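This report refers to the structure that appears directly beneath it.
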Amino acid sequence: YLSVRYDDGFVAYLNGVEVVRRHAPGQAGNPVPYDATATDYDNRLEVFDISWAIEHLQPGNNILAVHGLNGGLSSRDFVIDAALYTSGAGSLCGVRTIVASDELDLSGRAPACGTSSVEVNGQSADYDPIFARWSISVPLVPGVNDLVIRALDAGGQEVARTVVSVLRSAGTTEVGGVIGADTTWTAEDSPYIVTSDVTVPEGVTLTIGPGTTVMLQPGTSLIIRGQLHAVGTESARIVLEGAQCNTWWGGLVFLNSRGPNRLEYCDIVNGSTVAGYPSCINLRNSVVHMSHCRLADFLGEGIDSRNDSQLIITDSVIENMNQAVRSNGSYCLLERVTIRDLHGSSADCVAINGESVPQSLLKDCVFANSAQDDGIDLDNSSARVEGCVVFGMRGPDAKGISIGGGAPRIVRTLVYNCTNGIVLKDGTTTTIDYCTVAGSDVGIKLYEKTAGRGGGHGVVTNSILWGN
């Protein structure tokens, strides 16, 4: 398997044979000019099954070469991070390995320049400085083992590091269908392999315990009509991820589930969408509290909340997907949340549409680097934005904060390095107080976007507009 995080495109070669390309000009197999640019703007992590290319591997050293492509010669960001994996030690998808034994043989290469030794979780590995190769056998405990691999120089200073996540499990537990009574999934019986949609009916609670791994087959989802209680700990996080490489599981749907549902210390990765719904996580007349969670690497949109739902997220990270959070006529509270590195043509970090009781609140959040769209998009909403940082919204018409209608209040917020800093339009009356807008093409813009709705109106006090 070839895992590549890229922004914006690439062509990968194994021993001189092209194995995969994304957003590269020309047909597969045709060389790409050295000064070519990507055919689209993108930022994502993908895992490719290139088992067909195994015949091109040879004994000894092999060469993986990646030709990275940026969307434009003046683009300010560029990412290529590639790794080649095999499944010889167990079942591998991306960076997670599942093994049944209590010991794992690891080997690899360290940076030849500067490395004098290698250690794994503090244990010294055998190291050959001539070929910069290392090897070690490490013990495993039941559950998730995070193996920290560090290359050190002669003085013991770190040269490089990586982390390999290994799940030791004697077996798997298959689940699917309707859960008829209160049920608990535990770390001892994980990973749980979801083979078909799991439905939690009204009056039933599904509890997912600390350290539990749930692996969902392509297209499968969790449908919550009762209650979901997934509470991990800092040292024993809950993981929801795909069961197969290069495929996408569905998502979560909360239907008339006002529990409230709780997700704490959860990693939710590689989701897509649920049939009939626009996002990976969908709320309909439901209440969901999320804390210390990471949502990442979704195929499409992140969260969609509607029908008088309540979405509360604190101390969490949402990254590498299309639009991250959309709230329509529902209460949305984001506090100390980081949303970053979004891709696609409709990729607002947060979009709040319509009023709610109480009014939505975005507090002490960071919204960064949407490839094409806005950091905060408020439409007919009087939400409050307080103590936030918004930057890197650099699409052709992207805005740090876009407001149409409503009477929101923006307080103690920094907006910088955006195409448009703050945009007021379509009848809004916005208060901006103790804010800074800097380093953007346009600082504050007021206009009528939709005919008949009127222009934008704002009162700006105690604020700094600089370098726009």
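What's counted below: heavy atoms across the whole structure, side chains too, no hydrogens, waters or symmetry copies. In this text the structure is predicted, and so the values were computed from the model without any measurement.
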Lys/Arg N to Asp/Glu carboxylate O, [X] vs [Y], below 4.0 Å:
X: R336; Y: D364; value: no
X: R394; Y: D441; value: yes
X: E319; Y: R294; value: yes
X: D308; Y: R306; value: no

If only side-chain N and O atoms count, and only distance matters, is there a donor-acceptor pair under 3.5 Å linking [Y] with [X]?
X: R258; Y: N285; result: yes
X: N282; Y: D304; result: no
X: S330; Y: Q310; result: no
X: N307; Y: S309; result: no
X: H229; Y: R262; result: no

Exam field: side chain [X] to backbone [Y], donor-acceptor pair closer than 3.5 Å:
X: T419; Y: D397; value: no
X: T314; Y: E335; value: no
X: S190; Y: A187; value: yes
X: S286; Y: S257; value: yes
X: T173; Y: D189; value: yes
X: T115; Y: P111; value: yes
X: S356; Y: P358; value: yes
X: W185; Y: A230; value: no
X: D8; Y: G71; value: yes
X: R237; Y: H292; value: yes

Flag the pair [X] / [Y] as yes when at least one side-chain heavy-atom distance between them is below 4.5 Å, and no otherwise.
X: F48; Y: V4; result: yes
X: Y192; Y: E174; result: no
X: L152; Y: R150; result: yes
X: F367; Y: I376; result: yes
X: Q359; Y: R384; result: no
X: T273; Y: L299; result: no
X: T338; Y: I318; result: no
X: L342; Y: D373; result: no

Closest heavy-atom contact between [X] and [Y]?
X: V159; Y: G114; result: CG2-O, 3.8 Å
X: R109; Y: W134; result: N-NE1, 3.5 Å
X: A24; Y: F10; result: CB-O, 4.1 Å
X: G250; Y: S221; result: CA-OG, 3.4 Å
X: A383; Y: P408; result: O-CB, 3.1 Å
X: A125; Y: S135; result: CB-O, 3.4 Å

Steps toward side chain to side chain donor-acceptor pair (under 3.5 Å) verdict (D341, N320):
CA-CA 5 Å; D341 299 334; N320 194 34; over 6 Å; no
So how far is it from [X] [atom1] to [Y] [atom2], rounded to the nearest 0.5 Å?
X: N270; Y: M321; atom1: CG; atom2: CE; value: 10.0 Å
X: L362; Y: I339; atom1: CG; atom2: CD1; value: 8.5 Å
X: D377; Y: C349; atom1: CG; atom2: SG; value: 10.5 Å
X: E119; Y: E158; atom1: CD; atom2: CD; value: 8.5 Å
X: R133; Y: S107; atom1: CZ; atom2: OG; value: 8.0 Å
X: C418; Y: N369; atom1: SG; atom2: CG; value: 9.0 Å

When you look at CD of E234, are more than 12 heavy atoms from neighbouring residues, nucleotides or ligands closer to it than 6.0 Å?
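Counting other residues, nucleotides and ligands, CD of E234 stays at 12 neighbours or fewer.
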Around atom OH of Y434, are there more than 12 heavy atoms from other residues, nucleotides or ligands closer than 6.0 Å?
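Incorrect, the count does not exceed 12.
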Passes side-chain contact (heavy atoms from CB on, under 4.5 Å), V178 versus V200? Steps please.
CA-CA 6 Å; V178 177; V200 181; over 6 Å; no
side-chain contact (heavy atoms from CB on, under 4.5 Å) between T212 and E188, intermediate numbers included
CA-CA 8 Å; T212 301; E188 291 74 20; over 6 Å; no
Under the side-chain contact (heavy atoms from CB on, under 4.5 Å) criterion, do T37 and N70 qualify, and how do the steps go?
CA-CA 5 Å; T37 57; N70 217 345; 6.0 Å; no
Give the intermediate values and the outcome of side chain to side chain donor-acceptor pair (under 3.5 Å) for residues D315 and S291.
CA-CA 6 Å; D315 302 293; S291 178; 4.5 Å; no
Please step through side chain to side chain donor-acceptor pair (under 3.5 Å) for the pair S75 and D77, ending with a clear verdict.
CA-CA 6 Å; S75 176; D77 55 0; 3.0 Å; yes
Would you please test S360 and L333 for side-chain contact (heavy atoms from CB on, under 4.5 Å) and show each step?
CA-CA 6 Å; S360 294; L333 168 62; over 6 Å; no
Would you check, one step at a time, whether the test side chain to side chain donor-acceptor pair (under 3.5 Å) holds for T213 with E241?
CA-CA 8 Å; T213 296; E241 64 181 0; 5.6 Å; no
